Amino acid sequence: MTASAQAYADVVARIARAAQACGRDPASVALTAVSKEQPWEAVEPVLAAGQRVFGENRVQDAMARWKGRAGGLELRLIGPLQSNKASEAVAFFDVIETLDRQKLARALSEEMARQGRSPRIYVQVNTGEEPQKAGVAPAEADAFIAACRRDFGLTVEGLMCIPPLGEPPGPHFARLAKIAARNGLSELSMGMSGDFETAIAFGATRVRVGSAVFGERP
Ligand SMILES: *Cc1c(COP(=O)(O)O)cnc(C)c1O
């Protein structure tokens with residue numbers, strides 16, 4: 001078994017154990033394997049082992065890597081999206097996890113109507129209110145989700161967050177879960193290589209794991 005196939009099996013097992021440890025069904029937590037910036041030699045064994053859901057943070061890179069590959073994959077955009085790339089993102093991705101502003105909501109909504117294609121949408125929340133980080137401010141999340149639904153006709157499927165580096169992530173996961181609950185959203189994309197077990201304890205329905213599966217990014 002290659003290193004990444006072994007690491008993949010370990011992460012899948014850790015997800016199941018973390019779910020069981022808090023009385024959750026392991027099937028209620030999905031893995032997004034974050035293949036961004038990884039060499040194909042690391043990605044291929046994980047694909048061969050049956051993983052079908054991959055996360056990428058840049059539209060161009062994702063298209064270069066995945067265009068024309070086998071069907072049956074689910075590709076998720078987990079990095080910031082510029083409005084002028086909305087057309088490509090709508091055409092290419094199955095899920096866009098990083099909606100965080102009105103201009104982008106409008107661009108996505110227009111592209112979906114134009115293309116007749118509807119990637120599923122997550123709103124990114126900047127739970128740590130970090131100025132350099134993408135995501136809607138927690139205090140504005142309810143109004144933004146409402147505007148996405150009412151003004152742009154978007155079906156928001158869930159929320160996504162990236163807690164600040166160097167802070168305990170638990171309170172941020174709890175915050176995201178609370179915002180989701182009061183907005184009737186059941187999907188929570190939270191938890192990365194360093195904290196996915198914590199995220200599962202706080203209700204993550206999908207974890208985004210890169211380096212723990214594929215190794216450190218070059
Ligand atoms: C890179 C990235 C990940 C994966 O990070 P790892 O620490 O390698 O697991 C998850 N989510 C987002 C948004 C990322 O950009």
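The model shown is predicted, which means the values in this text are computed figures rather than measured ones.
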Could you list the donor-acceptor pairs under 3.5 angstrom formed between side-chain atoms of residues 154-170 and any protein atom two or more places apart in sequence or on another chain?
residue: Glu157; atom: OE1; partner: Arg120; partner atom: NE; Å: 3.0
residue: Glu157; atom: OE2; partner: Tyr122; partner atom: OH; Å: 3.3
residue: Glu167; atom: OE1; partner: His172; partner atom: NE2; Å: 2.7

Next on the checklist: I'd like to know whether Glu110 forms a side-chain contact (heavy atoms from CB on, under 4.5 Å) with Arg106, so could you lay out the CA-CA distance, the side-chain angles of the two residues, the decisive distance to 0.1 Å, and finally the verdict.
Outcome noted: CA-CA 6 Å; Glu110 286 172 4; Arg106 175 172 293 113; 3.3 Å; yes

Looking only at atom types and distance, does a side-chain atom of [X] sit under 3.5 Å from a main-chain N or O of [Y], one as donor and one as acceptor?
X      : Y      : result
Arg117 : Val90  : yes
Asn183 : Leu185 : no
Gln38  : Gly215 : yes

Item to check | With Ser189, the side chain to side chain donor-acceptor pair (under 3.5 Å) member among Gln124, Arg76, Arg208, Arg206 | outcome: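 Passing option: Arg208.
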
Item to check | Arg149 CZ: over 12 foreign heavy atoms closer than 6.0 Å | outcome: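 Buried by this count: over 12 neighbours within 6.0 Å.
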
Should the pair [X]-[Y] be classified as a salt bridge under the 4.0 Å nitrogen-to-oxygen rule?
X      : Y      : answer
Glu111 : Lys85  : no
Arg182 : Asp142 : yes
Arg52  : Asp94  : no

Item to check | Within-4.5 Å side-chain heavy-atom neighbours: Leu47 and Leu73 | outcome: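 SC-SC contact between Leu47 and Leu73 confirmed.
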
Checklist entry - Hey, what's the ring geometry for Trp66 with Phe54, parallel, tilted or perpendicular (30° and 60° as the breaks)? => result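 Answer is tilted, since the angle falls between 30° and 60°.
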
